[in-house]
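Reviewing the structure listed below.
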Amino acid sequence: MQEFLLPVIKSALQSAAIETDKPVQIEKPTDKKNGDFSTNIALLLSKECRRNPRELAAELIGQMIFPDGTVERIEIAGPGFINFYLTPLFIMQSVEHILLEGKGYGSSCAGKGRTAIVEYVSANPTGPLTIGRGRGGVLGDCIANLLETQGYSLTREYYFNDAGRQMQILGESVRYRYMERCGRDIVFPDSHYQGEYIREIAEILFHEHESSLIDSDDPGIFKDTAESIIFSSIKKTLARIDIRHDSFFNEHTLYIAEENGKSANDRVLELLESKGFIDRYEGATWFLTTKLGQEKDKVLVKSSGEPSYRLPDIAYHLDKYRRKFDLIVNVFGADHIDEYPDVLEALRILGHDTSKMRVAINQFVTTTVDGETVKMSTRKGNADLLDELIDDVGADATRLFFIMRSKDSHLNFDIELAKKQSKDNPVFYLQYAHARICSLLRIAAEEVGFKPDGSGAHLLQRLSLEPEIQLGFTLLDYPEVIRTAIRLLEPQKMVEYLHSVAEQYHKFYQECPILKADPDIRTARLFLSLATRQVLRNGFTILGISAPESM
RNA sequence: GUGCCCGUAGCUCAAUGGAUAGAGCAUCAGCCUUCUAAGCUGAGGGUUACUGGUUCGAGUCCAGUCGGGCGCACCA
């Protein structure tokens with residue numbers, strides 16, 4: 001929206017014979033009194049021009065030439081801000097474009113012809129998904145949705161490992177429960193998976209094979225069965241909140257030798273060694289991160305001969321580079337905070353452009369039940385399963401609550417609040433605005449034969465009341481909000497914005513009669529409602545929440 | 001001990017280095033013969049944890065202090 005001011009200001013600088021490398025910043029003041037848009041350019045330049053900022057502002061304004069009918073007035077304010085006030089006509093003409101663009105409003109071609117990969121969830125199939133994983137999952141999914149609006153060709157990837165030690169323990173855990181089910185007297189080890197789901201898997205095996213597996217030559221059946229059941233349950237849980245991946249990358253493949261006899265892991269070692277960043281001592285193979293100023297070297301191959309998790313991690317990201325993505329986004333929880341700097345360093349050493357890679361880290365989740373905070377614990381298996389949360393509060397609330405706080409903040413998930421079917425619950429506030437518009441449009445169609453076909457959209461220009469202009473102006477922010485959310489990898493910005501759209505609409509609805517207004521004004525207000533609904537819908541699509549037609 | 005994140009209204013949280021720090025909930029006072037009151041309007045509520053620094057300007061950046069969270073394995 002504010003783009004049209006940029007060339008105006010730049011050419012004014014030129015006319016005033018000011019050359020600078022300072023960027024021209026146009027912002028939207030928080031207080032409406034300070035204009036629809038404002039620039040601090042005079043403040044920024046006053047020093048290098050050695051001139052009073054207000055005086056400089058006055059000269060710049062004198063040089064500005066605006067497109068016809070866009071700017072109503074300009075002010076110099078405070079220490080030297082230049083504030084722009086738009087004409088209602090210009091705002092409403094712009095709102096008309098929202099209707100023309102429809103579903104595509106907010107989209108752009110910024111990512112056209114470019115590829116991106118977003119990796120998220122990536123839980124190993126050792127057990128059901130926890131609430132903590134859910135936050136990262138929704139965060140990743142929304143980031144992917146955001147990127148899609150910019151035309152990126154997108155891959156949603158899930159990285160997992162069905163080979164390592166944890167999976168072995170999983171298989172053994174099932175075996176123990178199976179023996180138990182067969183009536184054997186066993187002691188279940190503390191170090192193994194305690195969850196009820198292990199018993200359920202054992203029960204399934206018992207149901208199919210009865211006791212015939214007790215002396216089986218193939219202990220792998222316990223692991224394999226557990227893996228396939230758990231993985232499909234994870235996918236099912238994710239699907240309930242509309243998270244679907246289109247690529248599953250198995251870490252295990254990085255261990256397997258290719259035709260030349262070398263695995264992806266081997267190649268990483270060779271490459272790092274050729275750069276002089278590998279050494280062997282104490283029986284292990286080390287990544288010499290001390291050369292990069294870190295306190296300790298990091299083990300890549302343990303003295304047992306097995307790679308540590310760092311090696312396949314590097315190999316995996318090398319593979320992402322091999323697949324030539326233009327943008328690589330990784331989403332994970334705060335517990336992995338120390339993991340990625342090493343990966344990044346390795347990639348940099350191997351000559352890759354690490355600015356392509358971005359990491360979104362989400363802080364942890366605590367749940368509040370009856371005002372009491374319950375800390376997350378994977379071991380205990382209490383109320384921290386994502387599935388149970390979805391049962392409890394529904395898919396929409398689950399998704400929205402996970403992203404309505406900044407990812408850097410610890411999330412306090414208030415279960416009671418999420419369950420409430422009332423205005424306290426932010427999910428309902430947003431959805432109610434949408435339902436209200438749908439209801440209004442239904443009545444308008446029946447009673448006055450309103451058709452949302454755009455034929456009367458030009459009447460929008462007739463609107464000039466404060467709530468109408470405010471709402472329209474807010475709607476025009478949408479594309480900028482998407483860009484900001486992407487820049488910060490922060491879908492929370494979208495939640496906040498949509499809340500303000502809903503708020504503006506309710507205010508408009510309250511203060512401006514729609515169906516009872518004169519025909520032209522009525523039509524115009526109905527089109528404004530349509531535009532609002534479009535923005536809400538587009539935003540809901542990115543957040544992955546439903547847009548109910550009635551409530 | 002150390003690396004990262006956080007500390008803002010009674011509670012949950014906002015605020016690309018900008019102007020008088022904002023919402024929601026809670027509290028109090030108003031608005032339905034009228035398109036969904038699941039809504040709207042208004043009021044009270046703050047030394048932005050603390051101390052310095054950087055500059056035209058700091059909740060935001062820098063240094064330190066204090067508090068809370070998460071990591072710091074030849075586990076992933």
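Below, read A as the first sequence line, B as the second, and so on, with proteins coming before strands; counting in each chain starts at 1.
Here, B/U48 and B/U8 have their P atoms 12 Å apart, quoted to the whole Å. Annotation: B/G71 and B/U12 have their C1' atoms spaced 26 Å apart (nearest Å). Of the C1' atoms belonging to B/G30 and B/C62, the separation is 49 Å, rounded to the nearest Å. Remark: the separation of the C1' atoms in B/G45 and B/G22 is 13 Å, to the nearest Å. Taking atom P on both B/C6 and B/C74, the two are 29 Å apart, rounded to the nearest angstrom. Separating the P atom of B/G1 from that of B/U16 is a span of 33 Å, rounded to the nearest Å. Nucleotides B/U41 and B/G24 place their P atoms 8 Å apart, quoted to the nearest Å. The gap from the P atom of B/A23 to that of B/A63 amounts to 33 Å, rounded to the nearest Å.
In this structure, A/Glu59 pairs ionically with A/Arg51, as a charged nitrogen and a carboxylate oxygen lie closer than 4.0 Å. Between A/Glu549 and A/Arg537 there is a salt bridge, since at least one side-chain N of the basic residue sits less than 4.0 Å from a carboxylate O of the acidic one.
You'll find that the side chain of A/Arg487 is closest to B/U16, out of B/C5, B/C13, B/U16. The nucleotide whose nearest atom lies closest to any side-chain atom of A/Leu515 is, among B/C35, B/U16, B/C40, B/C35. Nearest to the side-chain atoms of A/Ile337 among the listed nucleotides B/C5, B/G71, B/U36 stands B/G71. Nearest to the side-chain atoms of A/Leu43 among the listed nucleotides B/G18, B/C74, B/U34 stands B/G18. Listed candidates were B/U36, B/U41, B/U16. Nearest to the side chain of A/Ala435 is B/U36. For A/Phe81, whose side chain is taken as the heavy atoms from C-beta onward, the closest listed nucleotide among B/U41, B/G18, B/U36 is B/G18. Each of B/U36, B/U16, B/G18 was ranked by its minimum atom distance to the side chain of A/Tyr509; first place goes to B/U36. Each of B/C74, B/A76, B/G18 was ranked by its minimum atom distance to the side chain of A/Ala284; first place goes to B/C74. When each of B/U36, B/C5, B/C40 is scored by its nearest atom to the side-chain atoms of A/Ser550, the top-ranked nucleotide is B/U36. Side-chain proximity of A/Thr30 to B/G18, B/C72, B/A19: nearest is B/A19.
Comparing A/Arg436 and A/Asp297, the nucleotide of RNA chain B nearest to each residue sits closer to the 5' end for A/Arg436. Positionally, the nearest nucleotide of RNA chain B for A/Ser406 lies more toward the 5' end than for the other of A/Arg165 and A/Ser406.
Judged by atom type and distance alone, A/Ser308 does not reach the base of B/A76 through any side-chain donor-acceptor pair under 3.5 Å. Remark: the A/Asn83 side chain and the B/A19 base include a donor-acceptor N/O pair separated by less than 3.5 Å. Counting atom types as modelled, A/Asn40 pairs a side-chain N or O with a base atom of B/G18 as donor and acceptor under 3.5 Å. Applying the 3.5 Å distance criterion, the base of B/A76 shares a donor-acceptor pair with the side chain of A/Tyr309.
Of all heavy-atom pairs spanning A/Gln150 and A/Ile486, the tightest one is CG-CD1, 3.4 Å.
The partner of B/C25 is B/G10, judged by Watson-Crick or G-U wobble contacts that both fall below 3.5 Å. With a cut-off of 3.5 Å on both Watson-Crick or G-U wobble distances, the partner of B/G3 is given as B/C70. The base-pairing partner of B/C35, taking Watson-Crick or G-U wobble contacts with both distances under 3.5 Å, does not exist among the strands shown. For B/U48, there is no paired nucleotide, since no Watson-Crick or G-U wobble pair has both relevant distances below 3.5 Å. The base-pairing partner of B/A58, taking Watson-Crick or G-U wobble contacts with both distances under 3.5 Å, does not exist among the strands shown. Base pairing of B/C40 is made with B/G30, judged by Watson-Crick or G-U wobble geometry with both donor-acceptor distances under 3.5 Å.
Geometrically, A/Arg310 does not engage A/Phe287 in a cation-pi contact, judged by NZ or CZ lying under 6.0 Å from the ring centre and within 45° of the ring axis. A cation-pi arrangement, defined by a distance under 6.0 Å to the six-membered ring centre and an angle within 45 degrees of its axis, is present between A/Lys32 and A/Phe473.
In this structure B/C32 sits in the syn conformation; its chi angle is within 90° of 0.
Taking the ring centroids of A/Tyr309 and A/Tyr316, they lie at or beyond the 6.0 Å cut-off. Between A/His317 and A/Tyr340, a ring centre-to-centre spacing not shorter than 6.0 Å is recorded.
Contact annotation for A/Cys438: no contact, since no heavy-atom pair falls under 4.0 Å across all strands.
Of all the residues in residues 396-405 of chain A, A/Arg405 reach under 4.0 Å from RNA chain B with at least one non-hydrogen atom.
Under 4.0 angstrom from either OP1 or OP2 of B/C6 there lies no side-chain N or O belonging to A/Ser409. OP1 or OP2 of B/A76 has at least one side-chain nitrogen or oxygen of A/Lys302 nearer than 4.0 Å. Contact annotation: A/Tyr505 side-chain N/O to B/U36 OP1/OP2 distance is not under 4.0 Å. Contact annotation: A/Lys33 does not reach the phosphate of B/U20 (side-chain N/O to OP1 or OP2, under 4.0 Å).
Looking at A/Tyr85, its side chain does come within 3.5 Å of a backbone N or O of A/Lys33 through a donor-acceptor pair.
Few gaps surround CD on A/Glu3; more than 12 heavy atoms of other groups in view lie less than 6.0 Å from it.
A/Arg135 has its CZ atom 11 Å from the C1' atom of B/C5, to the nearest Å.
One distance of note links CG of A/Asp36 with CD1 of A/Ile26; it measures 12.5 Å at 0.5 Å rounding.
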